[in-house]
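Before any comments, here is the structure.
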Amino acid sequence: ETAQDAARKELMEEAAIETLGEFELAGFYANRQASPRDHVVLFKLREWRQEKPFKPTREILEAQFFGLDNLPSDIAKSTRRRLAELVDGEPQSFFW
């Protein structure tokens with residue numbers, strides 16, 4: 001499957017989110033913490049809808065939406081870096 005197909009499937013399976021628009025490639029990163037061969041593809045998706053309320057699974061215990069001005073204090077460092085790149089215009093890294 002393509003990266004877009006995988007993202008579309010995972011959004012539906014894990015968060016009940018249906019993609020309405022097209023994905024925009026936001027970044028492609030080497031994830032050396034996981035494996036020397038692992039990569040992460042990051043997409044932007046502007047048009048979507050949540051089909052039904054989120055229900056916890058064995059894989060995803062909790063999911064919530066937050067405004068950029070109200071992010072949780074324990075957000076992952078990699079997520080903070082990606083937001084700084086996408087929102088604040090920080091230089092993009094090639095490493096997750």
Exercise. Taking only residues two or more places apart in sequence, or in another chain, which ones meet Glu85 in a salt bridge (charged side-chain N to carboxylate O under 4.0 Å, His left out)?
Worked result: Arg82

Problem set entry | Ile75 and Leu83: CA distance, side-chain angles, deciding distance, side chain to side chain contact (heavy atoms under 4.5 Å, CB included) verdict | CA-CA 11 Å; Ile75 194 169; Leu83 288 171; 4.2 Å; yes

Exercise. Which residues pass the ring-ring contact (aromatic ring centres under 6.0 Å, His included) test with Phe65, sequence neighbours left out?
Worked result: Trp48

For this session: Not counting sequence neighbours, which residues clear side-chain contact (heavy atoms from CB on, under 4.5 Å) with Ala26? List them please.
Result: Leu42, Lys44, Leu86

Exercise. More than 12 non-hydrogen atoms from neighbouring residues, nucleotides or ligands closer than 6.0 Å to CZ on Phe94, yes or no?
Worked result: no

For this session: Count the heavy atoms of every other residue, nucleotide or ligand shown that sit under 6.0 Å from CZ of Arg32, and state whether that count exceeds 12.
Result: no

For this session: Please check if the side chain of Gln50 supplies one atom and the backbone of Ala15 the other of a donor-acceptor pair under 3.5 Å.
Result: yes

Drop me the distance from [X]'s [atom1] to [Y]'s [atom2], to the nearest 0.5 angstrom.
| X | Y | atom1 | atom2 | answer |
| --- | --- | --- | --- | --- |
| Phe43 | Phe28 | CZ | CZ | 9.5 Å |
| Asn31 | Asp38 | CG | CG | 4.5 Å |
| Thr2 | Lys9 | OG1 | NZ | 10.5 Å |

Restricting to non-hydrogen atoms, name the atom on [X] and the atom on [Y] that form the minimum distance, rounded to 0.1 Å.
| X | Y | value |
| --- | --- | --- |
| Leu45 | Glu22 | CD1-O, 3.9 Å |
| Ala63 | Phe54 | N-CE2, 3.7 Å |
| Pro72 | Arg80 | O-NH2, 3.2 Å |

Exercise. Please walk me through it: do Tyr29 and Gln92 pass side chain to side chain contact (heavy atoms under 4.5 Å, CB included)?
Worked result: CA-CA 10 Å; Tyr29 305 89; Gln92 187 174 12; 3.2 Å; yes

Exercise. Should Leu20 and Phe23 be regarded as members of a common hydrophobic cluster, given that ILVMFWY residues are connected when their side-chain heavy atoms come within less than 4.5 Å of each other, either directly or indirectly?
Worked result: no

